[in-house]
Amino acid sequence: MTTFENRILHYMEAGFPILYLNTFEEGKAREAILSTFAGNLGRTTILEWDGTDRICDICTGEVQYETTNYALADVLDDRISIQNSAAGHQVMILKNIDTFMDDPAVIARLKKMAERINSGLLDATIVILSPILRISKEIEKYITVIEMDYLIDSEIQDVIRNLAKANDKTIPDRLIKEYANAFKGLSEFEIQNIMQLILSQNEEITKSQINLVFEQKQQMIKKAGILEMISPKESLDDIGGLENLKDWLRQKEKVLSDMEGAKAFGVDMPKGVLIAGIPGCGKSITAKAAAKLFNIPLLRLDMGRLLGKYVGESEANMRKAIELAEAISPCVLWIDELEKAFAGIGGEGSGAEVTTRLFGSFLTWLQEKETPVFVVATANDVTSLPPELLRKGRFDEIFYVGLPDRDEQRKIFEIHIKKRRPKDLQSIQIDKLLDCAKGCSGADIEGIVRESVERAFAGGKQVLTTKDLQEAIKNTHPLSEIMKDTIEKMQKEYETRKFKNASH
Ligand code: ATP
């Protein structure tokens with residue numbers, strides 16, 4: 001029996017009336033309930049209501065009750081009237097009930113059932129399966145929330161060892177440790193399934209099969225829908241300029257690559273960095289290059305996807321995102337456009353309230369986190385960010401990224417020309433380009449190179465010339481021209497706030 005199954009059984013045996021399994025993996029939680037009673041089904045009936053018009057015995061498929069109006073209250077009424085019988089314990093799984101959680105009729109019946117269970121009149125356990133945590137105040141005290149915990153390292157190692165043994169295979173300890181590390185963040189079911197697959201398909205277990213684990217992790221993150229796992233291709237060498245910021249990241253890399261040594265030396269666990277500044281000047285590319293430098297997964301948090309439509313849903317999603325990131329740690333958690341996520345804090349209306357609460361839980365986590373989740377938050381406009389976030393102790397450092405100077409522009413031109421036309425780089429007079437590229441951002445420069453290469457190709461040319469690039473510059477309206485006022489305002493703002501300059 002798995003740890004999770006053991007916990008379910010323990011709560012049921014102890015007579016807890018309502019268990020709330022808060023999980024995205026409804027199917028797996030349901031499987032766990034079934035296997036909890038696998039050897040014991042003579043005394044337990046497992047019933048399920050999934051939001052349709054009937055209650056079924058999920059072991060026999062028998063319909064136990066039918067309603068014509070899909071009303072959960074009617075279903076519960078039917079259950080309340082059931083007397084304890086020789087049929088033994090009834091486990092009543094309720095799925096898709098989120099929309100009913102505000103219904104006073106449903107709440108009253110759940111309360112009545114819970115009271116009957118508590119007083120021994122009803123031999124049953126209600127199990128609510130839902131990815132969303134919505135609990136009405138009236139029944140709060142009858143509900144026990146069970147999260148499908150992630151396993152700790154030694155538990156994962158045990159799962160691997162036991163499965164290997166059951167399959168008559170031996171895996172060296174060193175490899176078990178590597179597998180356990182890769183499995184971190186997956187549920188016990190997923191670990192068992194993947195490991196079983198690996199064991200059954202391969203005579204000898206090697207390191208190369210670990211790839212399957214990473215694929216599964218990507219799946220898991222995709223399914224949860226809040227985080228996106230990105231495989232970064234960009235390295236620090238792909239960033240022109242921003243030397244201060246790059247040096248700072250290199251120092252953090254030293255800490256992250258030897259956490260134990262750093263801790264023993266008295267170094268604090270790195271929290272992360274806020275990179276603010278002008279659009280198209282390398283904030284996102286730096287977030288990606290940081291993950292590549294640290295050699296850890298990059299998870300992008302889309303704040304838009306986090307906001308749910310039900311009360312408590314956004315917070316639950318935030319908690320889930322943090323849990324996922326912690327389970328997968330060490331990792332970089334990239335929060336893009338931070339200002340969009342937390343705009344409207346402290347305002348009025350329910351939307352603002354949700355944002356304020358979300359912000360509060362994010363801040364607490366950021367302040368207290370002990371796990372190696374390195375946060376890289378990027379923002380264009382910090383003026384709309386709440387001051388609490390900018391206070392010392394939240395991030396290890398706040399950097400300001402401005403428009404590249406002439407030297408930085410040179411490097412950016414070189415990087416992008418080299419990427420596309422390495423052979424032509426020598427013959428291109430970059431100084432001439434710089435003379436007419438004043439105010440161009442990194443993104444502008446990339447656009448110039450991209451466009452000129454395409455034109456040269458379409459024009460049947462064999463090489464890219466300085467002239468091609470100059471033509472493209474002429475057709476470009478640099479960012480500093482388009483956003484002149486905003487950029488000047490931003491620049492002043494960052495200077496007053498004394499953010500560290502990412503460049504020098
Ligand atoms: P936004 O705020 O609009 O998201 P950003 O600051 O995050 O902008 P990036 O997405 O990092 O900008 O940059 C856009 C593109 O411009 C990148 O893909 C990269 O190729 C190029 N670029 C920007 N700055 C640099 C730089 N310093 N060195 C090399 N390339 C750069």
Side-chain angles (χ1 to χ4, degrees), residues 228 230-249 273-293 298 300-304 332-341 343 375-385 398-422 425 430 433-434 437-454 469 472-473 476-480 482-483 486-487 489-491 493-494 499-504:
E228 185 192 349
I230 298 173
S231 315
K233 291 177 235 24
E234 298 84 350
S235 72
L236 288 192
D237 294 339
D238 294 311
I239 305 172
L242 310 187
E243 294 304 332
N244 250 352
L245 176 53
K246 289 195 286 191
D247 281 348
W248 186 88
L249 288 170
V273 59
L274 169 59
I275 309 172
I278 294 169
C281 290
K283 299 184 295 294
S284 311
I285 194 177
T286 308
K288 295 178 200 160
K292 180 108 178 172
L293 172 72
L298 174 65
R300 181 164 172 259
L301 175 60
D302 183 338
M303 283 301 205
V332 169
L333 180 64
W334 171 25
I335 308 175
D336 197 11
E337 300 192 286
L338 188 70
E339 73 273 39
K340 281 207 182 135
V375 177
V376 178
T378 52
N380 286 334
D381 176 13
V382 291
T383 49
S384 55
L385 282 177
I398 302 177
F399 280 97
Y400 159 62
V401 176
L403 280 171
D405 63 17
R406 198 176 158 100
D407 261 354
E408 290 182 313
Q409 282 189 329
R410 177 193 307 281
K411 285 177 191 136
I412 301 172
F413 265 116
E414 282 171 359
I415 286 168
H416 289 289
I417 296 171
K418 201 169 162 197
K419 219 182 248 172
R420 293 170 174 83
R421 301 290 312 162
L425 182 60
I430 298 198
L433 303 178
L434 298 175
K438 227 172 154 228
C440 282
S441 68
D444 289 333
I445 294 175
E446 188 189 14
I448 289 163
V449 175
R450 199 189 315 120
E451 194 197 311
S452 54
V453 170
E454 191 183 306
L469 285 150
I473 296 175
T476 303
H477 294 285
L479 192 82
S480 64
I482 301 165
M483 295 179 61
T486 323
I487 290 179
K489 226 171 87 195
M490 269 191 195
Q491 208 124 12
E493 185 70 36
Y494 293 122
F499 290 170
K500 265 211 171 138
N501 191 327
S503 297
H504 31 70

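Counting starts at 1 for both ligands and their atoms, in listed order.
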Open item on the list: Please enumerate all residues that pass side-chain contact (heavy atoms from CB on, under 4.5 Å) together with Glu454, with sequence neighbours excluded.
Closed with: none
Task: Within the 4.0 Å heavy-atom sphere of ligand 1, strictly under, residues - done: Asp238, Ile239, Gly240, Ile278, Pro279, Gly280, Cys281, Gly282, Lys283, Ser284, Ile285, Asn380, Ile412, His416, Gly442, Ala443, Glu446
- [ ] Identify, with sequence neighbours excluded, every residue that meets salt bridge (charged side-chain N to carboxylate O under 4.0 Å, His left out) alongside Lys246.
- [x] Glu243
Open item on the list: Please check this pair: side chain of Lys283 against backbone of Leu274, looking for a donor-acceptor N/O pair closer than 3.5 Å.
Closed with: no
- [ ] Mind checking side-chain contact (heavy atoms from CB on, under 4.5 Å) for Ser235 and listing every partner two or more places apart, or none if nothing turns up?
- [x] Asp237, Asp238, Lys292
TODO: Report yes if the distance between the aromatic ring centroids of Tyr400 and Tyr494 is under 6.0 Å, otherwise no.
DONE: yes
Open item on the list: Donor-acceptor pair, distance only, cut-off 3.5 Å: does the side chain of Asn244 make one with the backbone of Asn501?
Closed with: yes
